[in-house]
There are 2 protein chains.
Amino acid sequence: MPQEFSGVTVVVPANVYFDGKVTSRTIKFADGTTKTLGLMQPGEYEFGTDKPELMEITAGKLGVQLAGEMEWKEYNGGESFNVPGNSKFQVRASEVTDYVCSYLEG
Amino acid sequence: MPQEFSGVTVVVPANVYFDGKVTSRTIKFADGTTKTLGLMQPGEYEFGTDKPELMEITAGKLGVQLAGEMEWKEYNGGESFNVPGNSKFQVRASEVTDYVCSYLEG
């Protein structure tokens, strides 16, 4: 994970979910791809995907249960996981969690 | 306030204050200036400035008391206020508040 993204466009209004407990900023790259840089307050949330996603944890601690899986897996800063497209996943942030979500081609 | 900032560099790790109740992302411009795009959870916070700051509220509701002032003033989305350099200010976010902070030359 790079420390910076250069030559990008940042959308000013934040994306706000779960009464602001989860927020993100959309970053557009010159190649047409998009990432969001997000923050989760401690809590449990369910997300849905459209495209497949790569979730990279910058800092924090996140338990994750993908759709159809019984197991919860825990991810810390520097770790990442993939989520299939058109899917749902549950997360439990036990700390404030800083992440980068990359939207992949399906 | 533009809806996007283009041709910028985004620092990936978030700035985290007050146990994550206030977070921001640093954006660097080609002209060497810097802004942060931030979010405050509802609550009351005190900030200090080094350089003078322009605080533009993208969304939310923020009461503000500058150092040496008795009065609280309220700012909503689309409104802004200036803070002197080397100063302190108190804020009360009554809603999740999305803001852009510009660091000005002193």
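The figures here come from the full heavy-atom set of this structure, side chains too, leaving out hydrogens, waters and symmetry mates. To find a chain, count down the sequence lines: A is the first, B the second, and so on, and within it residues start at 1. As the structure is a computational prediction, the values presented were derived from the model and not from experiment.
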Who in [range] is close to chain A, using a strict under-4.5 Å heavy-atom cut-off?
range                     : result
residues 75-98 of chain B : B/Val96, B/Asp98
residues 25-40 of chain B : B/Arg25, B/Ile27, B/Lys28, B/Leu37, B/Gly38, B/Leu39
residues 3-16 of chain B  : B/Gln3, B/Glu4, B/Phe5, B/Ser6, B/Gly7, B/Val8, B/Thr9, B/Val10, B/Val11, B/Val12, B/Pro13, B/Ala14

Are [Y] and [X] connected into the same hydrophobic cluster when the rule is that any two of I, L, V, M, F, W, Y join if their side-chain heavy atoms are below 4.5 Å apart?
X        : Y       : answer
B/Tyr17  : B/Met55 : yes
A/Tyr103 : A/Tyr99 : no
B/Tyr45  : B/Leu54 : no

Contacts of A/Glu74 that satisfy salt bridge (Lys or Arg N to Asp or Glu O under 4.0 Å) - sequence neighbours left out
A/Lys61

Heavy-atom proximity to chain A below 4.5 Å, by part of B/Pro42:
neither

